[in-house]
Amino acid sequence: MANREALRELQTRLASRLQAARSEGVSASWLAVRAGESNYLFPLAQSGEIFPLANIQLVPYSRPWFMGVVNLRGGLYGVVDLATFMGDGSMRARSEQSLAESSVITFNAALELNCALMVDGLAGLRKREAFTDATMPPEGSPVFFGNRFTDLNGMHWQEINLRSLSQLPEFLSISA
């Protein structure tokens, strides 16, 4: 129970910091998340709100990475398991506790896609100064991959262009 409260508190703090970053100008560039064994960066201008994962309704005959739909503030959003979509932990078994600790991040309303990405953890907001190195994605990477960054601790972070992802036919086609 304490873990759940701590997670909600972190999500509330991140959501308020995200809103402050948007209203005060660009003080942070990305929302950092963990999905499976990988670290990802979502551009703040393309990211929406952060919610705890709750009351997801399964959708039959859909792709393994499509978790179902969820009601967020009165709107229906499709939920994509980012780790499974990326091939990191494909078809991994999830316990109720791991699902309860997961979060969903909606796409920015300007992208006009009622979709949320399920991630395993939130790592906060990041500025460019938090990274020591940036490289172009390797050849053959998905079109929605941006630069790959290395932080001060030597951890690698892959930038995901949510606008490009939201227009990808493979992402939009959820039927199995």
Does any N or O in the side chain of Thr84 come within less than 3.5 Å of the main-chain N or O of Asp81, such that one atom is a donor and the other an acceptor?
no
What distance separates Arg34 CZ from Leu82 CG, expressed to the nearest 0.5 Å?
13.5 Å
So do Leu53 and Met118 actually touch side chain to side chain, heavy atoms under 4.5 Å?
yes
How long is the gap from OG on Ser102 to CE on Met67, to the nearest 0.5 Å?
7.5 Å
Could you walk me through whether Trp30 and Phe149 pass the ring pair (Phe, Tyr, Trp, His ring centres under 6.0 Å) check?
CA-CA 12 Å; Trp30 299 283; Phe149 294 91; 4.8 Å; yes
If I compare all heavy atoms of Cys115 with all of Val80, which pair ends up nearest, and what's the gap?
SG-CG2, 3.9 Å
Would you find more than 12 non-hydrogen atoms of other residues, nucleotides or ligands less than 6.0 Å from Arg63 atom CZ?
yes
CG of Asn108 to CZ of Arg163, rounded to nearest 0.5 Å, is 8.0 Å
Min side-chain heavy-atom separation Glu49-Leu72 under 4.5 Å
no
Taking the side chain as every heavy atom from C-beta outward, state whether Leu44 and Leu125 have any atom pair closer than 4.5 Å.
yes
Least distance between heavy atoms, Gly146 atom then Gln158 atom:
O-NE2, 2.9 Å
Check: Asn71 side chain, Leu76 main-chain N or O, donor-acceptor pair, under 3.5 Å:
no
Would you say Val143 ends up clustered with Leu165 if hydrophobic residues are merged whenever their side chains have heavy atoms under 4.5 Å apart, either directly or through other cluster members?
yes
Does Leu41 reach the side chain of Leu31, with side-chain heavy atoms less than 4.5 Å apart?
no
Evaluate side-chain contact (heavy atoms from CB on, under 4.5 Å) for Phe144 paired with Glu159, printing each intermediate quantity in order.
CA-CA 8 Å; Phe144 53 87; Glu159 182 181 26; over 6 Å; no
Look up atom CZ in Phe51 and atom OG in Ser103, then write down how far apart they are to the nearest 0.5 Å.
11.0 Å
Any side-chain to backbone donor/acceptor pair from Asn161 onto Ser164? Under 3.5 Å, distance only.
yes
Side chains of Leu162 and Ser47: does their closest heavy-atom pair fall under 4.5 Å?
yes
Backbone N/O of Glu170 and side chain of Ser173: donor-acceptor pair under 3.5 Å
no
Atom pair CE (Met155) and CZ (Phe131), whose distance is rounded to the nearest 0.5 Å
10.0 Å
For Gly36, is there any backbone N or O sitting under 3.5 Å from a side-chain donor or acceptor partner on Asp120?
yes
If you look at every heavy atom in Val70 and Ala54, which pair is closest and at what distance?
CG2-O, 3.0 Å
Looking at every heavy atom in both Arg126 and Ala32, which two are closest together, and how far apart are they?
CG-CB, 3.7 Å
For Ile50 and Leu122, run side-chain contact (heavy atoms from CB on, under 4.5 Å): C-alpha distance rounded to whole Å, both residues' side-chain angles, the deciding distance at 0.1 Å, then the answer.
CA-CA 9 Å; Ile50 303 166; Leu122 302 169; 3.7 Å; yes
Under 4.5 Å between any side-chain heavy atoms of Val33 and Ile105, yes or no?
yes
For the OG atom of Ser29 and the CD atom of Glu129, what is their distance to the nearest 0.5 Å?
7.5 Å
Beyond-backbone contact of Phe107 with Gln46, side-chain heavy atoms, under 4.5 angstrom:
no
The ring pair (Phe, Tyr, Trp, His ring centres under 6.0 Å) partners of Tyr77 (sequence neighbours excluded) come to none
Strictly by side-chain hydrogen bond (donor to acceptor under 3.5 Å, both in side chains), give each pair with a member in residues 137-156 just once, sequence neighbours left out.
Thr150-His156, Asp151-Trp157
By ring pair (Phe, Tyr, Trp, His ring centres under 6.0 Å), Phe85 pairs with (sequence neighbours left out) Trp65, Phe171
At their closest point, which heavy atom of Gly68 faces which heavy atom of Val59, and how far apart are they?
CA-CG2, 3.9 Å
Looking at every heavy atom in both Leu113 and Ser166, which two are closest together, and how far apart are they?
CD2-CB, 3.6 Å
